[in-house]
Amino acid sequence: MSAKRTEPSSQHDKLPIRMLHDRVLVRQDAAEGERRSGGGILIPATAAVGRRLAWAEVVAVGQNVRAVEPGDRVLYDPEDRAEVEVRGTAYVLMRERDLHAVAADRFEGSEDSTGLYL
């Protein structure tokens with residue numbers, strides 16, 4: 001595997017960290033606050049929601065990770081996570097098998113694409 005896969009994407013400072021094995025380091029999307037339903041109804045941040053998956057950006061991957069690359073967006077369960085802080089920024093550390101979906105430009109128009117809108 002190339003060394004490029006284990007380094008963070010260019011939009012992040014060079015992190016003093018190297019991921020091992022099948023580990024993936026992601027940065028969560030903005031904290032969830034109020035949001036709108038498809039019909040335009042405002043849902044307050046305090047509303048009880050069932051189990052909800054979250055999106056994050058991949059920052060670094062270990063040498064045994066095969067399906068994701070730095071810069072990809074991934075869908076994961078925020079209840080199954082380990083948080084770590086590096087240089088004052090919070091990240092989530094997880095195994096590749098804990099990811100539910102990957103969204104990346106490189107999948108557009110490929111045979112691997114499911115055609116589903118996540």
(request) Can you sort out the partners of Arg23 under salt bridge (charged side-chain N to carboxylate O under 4.0 Å, His left out), two or more places apart, ordered by chain and number? (result)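 Listed in chain order: nothing, the list is empty.
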(message) Under the side chain to side chain contact (heavy atoms under 4.5 Å, CB included) test against Leu99, which residue among Val68, Leu75, Val58, Val65 passes?
(response) Val68
(message) Using modelled atom types and a 3.5 Å cut-off, is there a donor and acceptor pairing between side-chain atoms of Glu96 and backbone atoms of Arg66?
(response)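 Answer holds: yes.
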Are [X] and [Y] side-chain neighbours, meaning at least one heavy-atom pair lies under 4.5 Å?
X: Pro70; Y: Val59; value: no
X: Leu93; Y: Val26; value: no
X: Arg95; Y: Val24; value: no
X: Thr89; Y: Arg27; value: yes
X: Met94; Y: Tyr76; value: yes

(message) How close do Gln63 and Met19 get, counting heavy atoms only, and between which atoms?
(response) OE1-O, 3.6 Å
(request) Measure the spacing between OH of Tyr91 and CD of Glu85 and express it to the nearest 0.5 Å. (result) 10.0 Å
(request) Carefully, step by step, assess His100 and Asp77 under the rule side-chain contact (heavy atoms from CB on, under 4.5 Å). (result) CA-CA 8 Å; His100 295 281; Asp77 186 353; 4.0 Å; yes
